[in-house]
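In this chain, residues are counted from 1 in sequence order.
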Amino acid sequence: MPSYNIKHITRYTYAAEVIDCVNQVMLYPLEDDRLEVTSHEVTISHDSGITHDTPISTYTDYFGNTVGIFTVLEPHTVLVIESTKDVVTHPIQFPMDEQPAEQQWQQLRELHHDPAFIDFLCEECFTSAQDLKATLDQLVNRADKPLKNALVLSEYVYDNFQYRQGVTNIETPAEEIWQLKAGVCQDFAHMLLAMLRIVGIPARYVSGYVCPDREGVRGSGATHAWVEAYIPFYGWLGLDPTNNCIVNDGHVRLAIGRNFPDCTPVKGTYKGTGSHRLDVSVHIESGKPESQNALPQQPSYTYEVKDKPAAVNSYRRHLELQMQMQMQQQQ
C-alpha cells in the first residue's frame with residue numbers, strides 16, 4: 001500500500017495592503033475505501049511569516065467535499081496557506097465489464113432522469129459542436145461497451161492534444177481548448193468531460209494530486225485534474241487523459257464536481273488592490289517526508305493579475321469636453 005507525504009503551499013502577494021480577506025479552501029482529501037488520511041494540517045500565515053491561530057470552519061458541500069472557510073481581517077500584503085498531509089492509498093478493483101453492451105447503454109439512458117446524475121450529463125455549449133460530434137461519430141462505437149468507448153476517448157485526448165503550459169487559464173472554455181488542441185491537465189479533463197457527456201456517459205471533474213512512480217508523469221509537482229466516468233454495473237472510474245491511464249493508487253482526490261469551479265483548491269475575496277501574484281507549489285514524497293531543505297524553492301504554478309484601467313466616467317468626460325470647448329472659445 002503506497003503512502004505519501006504531500007505539502008501544498010499557496011502564496012498570495014498583493015501590490016498593496018488588503019483587508020477583510022475571506023477564503024474558501026478545498027484541500028481536504030476525499031477518504032474512501034481506497035484512500036486513508038493518517039494526518040492532515042492546514043496552517044495560515046501572513047506578512048510576518050508567523051503562523052497565526054486562524055480558525056478554519058468546515059462543512060460538507062453538495063458533492064460530498066469538505067470545504068474550509070477562514071478570514072483574515074487585519075491589513076496584510078502576503079497570505080500563505082500550507083496544507084500538509086500523510087495518506088495511504090489502496091489499489092482499485094477494476095470493472096469486470098461482463099454485461100452486454102446494449103444493456104449497459106440502456107442503463108445509461110435511464111440515468112438521464114436520475115437527479116443524482118443530471119449534473120454530470122449536462123452538455124457544454126459548443127460553437128464547433130458539429131465538428132466535435134463528427135469526430136465523436138468516428139471514435140464511438142455503440143456496439144462496444146461504454147467502458148471501452150470511454151477509454152478510446154481518453155486516449156484520443158492524450159494523443160491529439162499537446163500538453164503545453166501558458167496557453168490557457170482556469171477560465172478557458174472547452175470550445176477554445178478544442179480549437180487550440182493544447183493545454184494542461186485541467187484542459188485535458190475539461191475536454192474529456194465534454195466528450196463523455198455528449199455520448200451519454202456521466203462524467204465528473206476531479207481535482208487532486210498524481211504521485212509519480214516513474215519519470216515523465218505529467219502533472220506531478222502541482223495540483224492535478226482528471227475525470228471520473230460512470231460505468232454501468234460498476235460505478236465511478238477515474239480516467240486520467242493527461243497520462244492516458246486508469247486512475248489507481250497513484251492518485252489522491254481532493255474534490256469532485258461538475259467542473260473546475262466546483263473544485264477550486266483555494267479561492268476568496270478581499271478589499272484592496274486587484275493587482276496580486278499567486279504562487280502554488282506541491283511537493284510529494286513516498287513514505288517519510290524529506291527535510292525542509294529538500295523542498296523545491298520555485299513554485300510550480302504562478303499567476304499574476306494586474307489592476308484593470310479605471311473605467312471612463314462618461315459624465316465626467318462630458319464635463320471635461322465642455323470645459324475644453326469653453327477655454328477654446330475664450331482664446
For Arg11 and Glu82: C-alpha separation, side-chain torsions, deciding distance, then whether salt bridge (charged side-chain N to carboxylate O under 4.0 Å, His left out) applies. CA-CA 9 Å; Arg11 180 186 182 93; Glu82 295 190 25; over 6 Å; no
Would [X] end up clustered with [Y] when hydrophobic side chains under 4.5 Å apart are linked, directly or stepwise?
X: Ile56; Y: Val266; result: yes
X: Ile69; Y: Val25; result: no
X: Ile231; Y: Leu108; result: yes
X: Ile177; Y: Leu139; result: yes
X: Ile170; Y: Phe188; result: yes

What pair of heavy atoms forms the shortest contact from [X] to [Y], and how long is it?
X: Leu73; Y: Ile19; result: O-CB, 3.6 Å
X: Thr168; Y: Leu180; result: CG2-CD1, 3.8 Å
X: Ser286; Y: Tyr4; result: OG-CE2, 3.6 Å
X: Val282; Y: Ile6; result: CG1-CG2, 4.3 Å
X: Met26; Y: Ala255; result: CE-CB, 3.8 Å
X: Arg34; Y: Val247; result: NH2-CG1, 3.7 Å

Residues that Phe94 engages under side chain to side chain contact (heavy atoms under 4.5 Å, CB included), provided they are two or more places apart: Ile92, Ile246, Asn248
Run the side chain to side chain contact (heavy atoms under 4.5 Å, CB included) test against Thr66 and tell me which residues pass, sequence neighbours left out. Tyr28, Thr58
Kindly say whether [Y] contributes a backbone atom to a donor-acceptor pair with the side chain of [X] at under 3.5 angstrom?
X: Arg204; Y: Ile256; result: no
X: Glu36; Y: Glu31; result: no
X: Gln24; Y: Gly268; result: no
X: Asp61; Y: Phe63; result: yes

With a 4.5 Å limit on heavy-atom distance, are the side chains of [X] and [Y] in contact?
X: Met96; Y: Tyr234; answer: no
X: Phe70; Y: Ser57; answer: no
X: Thr89; Y: Val252; answer: yes
X: Tyr163; Y: Val184; answer: yes
X: Pro241; Y: Tyr156; answer: no
X: Cys263; Y: Leu254; answer: no
X: Asn65; Y: Thr60; answer: no
X: Val72; Y: Leu79; answer: yes

Does any pair with a residue in residues 18-30 pass salt bridge (charged side-chain N to carboxylate O under 4.0 Å, His left out), and if so which ones, sequence neighbours excluded? Asp20-Lys271
Return yes if a side-chain donor-acceptor contact under 3.5 Å exists between [X] and [Y], otherwise no.
X: Ser128; Y: Gln179; result: yes
X: His40; Y: Ser83; result: yes
X: Trp178; Y: Asp131; result: yes
X: His76; Y: Glu74; result: no
X: Asp240; Y: His224; result: yes
X: Gln107; Y: Gln103; result: no
X: Glu124; Y: Asn259; result: no

Derivation and outcome, side-chain contact (heavy atoms from CB on, under 4.5 Å), residues Ile9 and Val80: CA-CA 7 Å; Ile9 303 175; Val80 180; 3.9 Å; yes
Would you say the rings of Phe117 and Tyr230 are close, in the sense that their centroids are separated by under 6.0 Å? yes
Steps toward side-chain contact (heavy atoms from CB on, under 4.5 Å) verdict (Leu192, Leu239): CA-CA 9 Å; Leu192 181 57; Leu239 301 175; 4.2 Å; yes
[atom2] on [Y] to [atom1] on [X], rounded to 0.5 Å:
X: Asp187; Y: Lys181; atom1: CG; atom2: NZ; answer: 13.0 Å
X: His8; Y: Ile81; atom1: NE2; atom2: CD1; answer: 8.5 Å
X: Glu41; Y: Leu27; atom1: CD; atom2: CG; answer: 13.0 Å
X: Arg253; Y: Tyr209; atom1: CZ; atom2: OH; answer: 14.0 Å
X: Leu193; Y: Ile201; atom1: CG; atom2: CD1; answer: 12.0 Å
X: Glu155; Y: Leu153; atom1: CD; atom2: CG; answer: 10.0 Å

List the steps and the verdict of salt bridge (charged side-chain N to carboxylate O under 4.0 Å, His left out) for Asp144 and Arg142. CA-CA 5 Å; Asp144 291 329; Arg142 298 282 177 172; over 6 Å; no
What orientation do Tyr14 and His276 show, parallel under 30°, tilted 30 to 60°, or perpendicular over 60°? tilted
Where do Glu285 and His283 land on the side-chain hydrogen bond (donor to acceptor under 3.5 Å, both in side chains) test, with the steps shown first? CA-CA 7 Å; Glu285 285 295 325; His283 184 69; 3.2 Å; yes
Take Asp86 and Thr38, measure what side-chain hydrogen bond (donor to acceptor under 3.5 Å, both in side chains) needs, and give me the verdict at the end. CA-CA 6 Å; Asp86 291 295; Thr38 57; 4.8 Å; no
For Arg277 and Tyr12, what are the C-alpha separation, side-chain angles and deciding distance, and is it a side-chain contact (heavy atoms from CB on, under 4.5 Å)? CA-CA 6 Å; Arg277 174 187 171 113; Tyr12 288 97; over 6 Å; no
I would like to know whether Met191 and Phe161 meet side-chain contact (heavy atoms from CB on, under 4.5 Å); could you show each step before the answer? CA-CA 10 Å; Met191 201 68 253; Phe161 288 73; 3.6 Å; yes
